[in-house]
Amino acid sequence: MEIVEDGPFRYRIPQHGPMRVPGVVFASRYVLPEAAGDQALQQVVNVATLPGIVEASYAMPDVHWGYGFPIGGVAATDVGASGVISPGGVGFDISCGVRLLAAGCDRQELAPRLQALMDVLGHRTPRGPGRGAVWHVGRSQLDHILEDGARYAVECGHGVQRDLNRCEDEGRLAGALAAQVSTRAIDRGLCQVGSLGSGNHFLEVQAVEAVYDPDAARAMGLHEGQVTVMIHCGSRGLGHQICTDHVRTMDQAMSRYGISVSDRQLACVPVESPEGRAYLGAMAAASNYARANRQLLAEAAGDAFEAVCGCGLDLVYDISHNTAKTEIHRVDGNPLRLCVHRKGATRALPPGHPDLPHDLATVGQPVLIPGTMGTASYVLVGVAGGGAFHSTCHGAGRVRSRHAAAREVDGRQLRADLERHGIAVRGTTLRGLAEEAPLAYKDIDAVVQASEGAGLCRKVARLVPLGVVKG
DNA sequence: ATGTCC
């Protein structure tokens with residue numbers, strides 16, 4: 001495959017064959033080979049063939065192989081030109097995302113209480129595959145969650161209005177259609193509201209190690225030495241089931257719209273079709289479920305801090321990195337209504353954007369980047385002129401399969417190494433720990449450097465782990 | 001990511 005270096009941190013895959021647009025990969029020379037090592041770049045090419053795609057099939061520096069679309073992929077389709085929506089461009093974990101909370105204490109104050117805090121957090125945070133939840137709800141309450149997301153959780157007393165001001169979409173994605181969520185998806189969702197899940201999901205207690213942009217950090221409520229909590233999780237079995245259901249529907253419906261794709265995992269239909277509207281309605285419902293999920297976990301973490309440390313947690317921001325959104329963007333000078341797929345990619349709105357909370361209007365939108373377990377995480381911010389429809393990376397990006405990582409890493413040794421570095425671990429299985437070993441991921445510092453170098457975002461702060469509750 | 005296959 002031909003790849004042309006177009007500029008610093010920017011590579012292009014020229015349009016060829018059935019591609020409707022070129023591929024554009026944001027990466028450094030250091031990060032690119034890792035992306036090219038698997039099928040991810042072929043997936044960038046495959047996405048470029050989808051009906052209605054505009055500008056380019058984009059890949060962020062953390063790109064890696066995924067279901068149909070690469071993880072770390074961004075693709076926008078022109079809704080008015082029969083542009084398509086594809087569940088594979090959102091991912092199985094619909095609205096998977098990150099919430100960052102700022103604690104009212106610094107790391108020195110926390111140090112003598114860290115183990116006790118981790119014990120309480122470990123005890124109160126449902127995790128692992130299957131059942132277990134902070135909030136036990138019935139069918140009618142679940143319908144409200146699907147409709148109103150974190151807003152409903154706050155209405156029920158699980159948080160305060162300020163939380164919603166610091167959530168993407170104010171904690172509620174409009175357009176949810178509970179009727180498009182199958183009974184099986186509902187059943188899976190009932191017993192998981194307020195739970196981490198497994199895999200790379202986690203709750204981490206961190207400290208702000210470095211501040212690169214003091215003004216932005218101050219506006220976000222962050223300073224050097226401060227303790228933070230990062231929660232990374234999604235829509236659990238409910239979102240997974242919705243993806244499964246609608247991929248099947250679209251796979252069967254595609255040919256009626258004259259669409260054929262090279263990979264069945266790219267199943268898609270026009271945004272403006274009954275099947276497209278059904279998926280987007282169900283996807284919005286799962287998004288709201290994920291946002292309520294993070295709201296409930298944050299409330300439980302705040303209770304743990306109050307009990308052990310005598311201080312609370314304030315929300316910095318909550319943002320998803322697996323979504324499809326209808327947005328207006330200029331393409332070749334013309335404003336178009338686009339369906340922007342971000343799969344393992346984070347929206348990064350620039351200063352002055354109308355969707356920002358008013359107290360962050362001049363700062364830009366916080367972008368929350370979870371690193372690999374035991375390494376750093378980042379707070380970034382959107383910048384003016386950001387490419388890929390104002391998108392950036394979402395994390396380190398996997399470079400080794402779970403299987404390979406588990407084969408190469410001894411979970412017991414890894415846990416001992418983390419503890420030796422002062423990181424308290426409240427984990428799940430040792431195998432689960434081994435699968436998330438740092439060697440299975442790209443270097444988060446290199447990914448963030450490439451994202452910033454490509455002009456997609458700017459660094460605000462670097463966070464280091466003090467303790468981790470593993471999903 | 002996921003009651004890691006209905």
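Computed from a prediction, not measured in an experiment: that's the story for all the values here. Every chain is numbered from 1, with letters handed out A, B, ... down the list of sequences.
- Here A/G239 lies out of heavy-atom contact (under 4.0 Å) with every strand.
- Residue-level contact check: A/E435 touches neither bases nor backbone, having no heavy atom under 4.0 Å from any strand.
- Per the geometry, CD1 belonging to A/I242 stands 13 Å off C1' belonging to B/dT2, to the nearest Å.
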Side chains of residues 117-126 of chain A: which donor-acceptor partners sit under 3.5 Å, not counting sequence neighbours?
| residue | atom | partner | partner atom | Å |
| --- | --- | --- | --- | --- |
| A/D119 | OD1 | A/R426 | NE | 3.0 |
| A/D119 | OD1 | A/R426 | NH2 | 3.0 |
| A/T125 | OG1 | A/L121 | O | 2.6 |

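- Among the protein residues, A/G237 comes within range of the sugar-phosphate backbone only, with heavy atoms under 4.0 Å from sugar or phosphate atoms but none that close to a base.
- In this structure, A/R402 atom CZ and B/dT2 atom P are separated by 9 Å, rounded to whole Å.
- Rounded to whole Å, the distance from NE2 on A/H403 to C1' on B/dT4 is 13 Å.
- A salt bridge links A/R347 with A/E168: the closest approach of a Lys/Arg side-chain nitrogen to an acidic carboxylate oxygen falls below 4.0 angstrom.
- Here the C1' atom of nucleotide B/dT2 and the CD atom of A/Q265 are 15 Å apart, to the nearest Å.
- To the nearest angstrom, P of B/dT2 lies 19 Å from NE2 of A/H246.
- At least one side-chain nitrogen or oxygen of A/S198 sits closer than 4.0 Å to the OP1 or OP2 atom of B/dT2.
- The residue A/G199 sits close only to the backbone: its heavy atoms come under 4.0 Å of sugar-phosphate atoms, none of a base.
- Checked by atom type, the side-chain pair A/Q295/A/D163 shows a donor-acceptor distance below 3.5 Å.
- One can place CD1 of A/I71 at 13 Å from P of B/dT2, the figure rounded to the nearest angstrom.
- When ring centroids are compared, A/H394 and A/H232 stay outside the 6.0 Å threshold.
- In this structure, CZ of A/F92 is placed 12 Å from P of B/dT2, rounded to the nearest angstrom.
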